[in-house]
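Both ligands and their constituent atoms are indexed starting at 1 by order of listing. Basis for what follows: all heavy atoms, side chains included, without hydrogens, waters or symmetry-related copies.
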Amino acid sequence: MLNDSLIKSQLIYDGNVYVLDSVDSTNNYAKENGGIFGDIFITENQTMGKGRLGRSWFCDNALAMSVCVKPCIAPEKNMLIPLLAGYAVCKVINSYADLDCKIKWPNDVVCGGKKLCGILNEGVLEDGKIKMIVCGIGINTDSEYFSPDIKDKATSVYLQSGTKCDKNYIAAKVANYLYKLCVINPVLPHDFKDMCVNIGKRVTVTENKDIYECTAVDIDESGGLKVKLDSGKIKTIASGEVSVRGIYGYV
Ligand code: BT5
């Protein structure tokens, strides 16, 4: 069971922790109520979780948390935040449950070819400037069942490892990692690319109405995905959908 003082006692920084019995979306709640860097809004019972582009996020026996991140990175590098959050989740879950989670650019954590965590970054504006970024992290910790539309592409820590999760510990560890990565040294860690499933793979990119295949070759310092087109030209993708062969059943 989530416990705010237990999470707070494990934080390496002075952040507030708000455990919510039930909430529509921790991101919505954090945008309304968050203030201080590192404030954490967290629940096991998120009823209308959001993904990107109006998609929904399913939460059952899982962790939904939103961490308030003060703009600590130049705005053009905001894309780094979901990547750093994904990296934090991989590091924590891999060591906790002895798994091999990887990051799938730009906002997923995958394990065994399926999605174990999704990340949604949202900015809160004041006078046209970003006042705060809410980094929403949904981790399928103990989930055993998923809705029919996602059951073939979703997985959980429990399904992959048989390990039941200490959600308080995992939440605190992820927030601590995010703090170190975003405040102390906001760059991609040296082993980031090794943990990114896109690199070196054939991918299908969907940008607006354009769909094309190419090879993912690198992540740039702003978090953009560098791809090599079949013409040999290198291009950087800043947003869009990127499918990777072998992940989520894509062959
Ligand atoms: C994401 O969007 O992956 C971002 C998910 C962010 C969720 C967190 S939970 C805490 C915070 N509060 C919120 O309201 N949101 C954040 P996207 O890349 O658009 O992926 C969404 C797609 O993933 C859906 O359309 C489904 O296909 C799939 N999906 C939904 N729930 C899932 C789950 N629990 N596990 C794996 N895949 C899921």
Ring geometry between Y177 and Y87 (parallel below 30°, tilted from 30 to 60°, perpendicular above 60°) = perpendicular
Give a yes/no verdict on whether any heavy atom in I119 is under 4.0 Å from an atom of ligand 1.
-> yes
Can you list the ligand 1 atoms lying under 4.0 Å from a non-hydrogen atom of K153?
-> 27 (O)
What are the atoms of ligand 1, with element, lying closer than 4.0 Å to any heavy atom of G49?
-> 14 (O)
Proximity to ligand 1 by part of I137, non-hydrogen separation under 4.0 Å | backbone
What atoms of ligand 1 come within less than 4.0 Å of a heavy atom belonging to K50?
-> 5 (C), 6 (C), 7 (C), 13 (C), 14 (O), 15 (N), 16 (C)
Numbering as shown, the atoms of ligand 1 that approach S25 to under 4.0 Å (heavy-atom distance) | 12 (N), 13 (C), 14 (O)
Please identify which atoms of ligand 1 are closer than 4.0 Å to at least one heavy atom of T26.
-> 10 (C), 11 (C), 12 (N)
By number and element, which atoms of ligand 1 are closer than 4.0 Å to a non-hydrogen atom of S56?
-> 24 (C), 30 (C)
D142 meets the salt bridge (Lys or Arg N to Asp or Glu O under 4.0 Å) criterion, sequence neighbours left out, with K167
Which ligand 1 atoms, with their elements, are less than 4.0 angstrom from a heavy-atom of M65?
-> 10 (C)
Write down the atom of Q46, the atom of T26, and the distance for their closest heavy-atom approach.
-> OE1-N, 2.9 Å
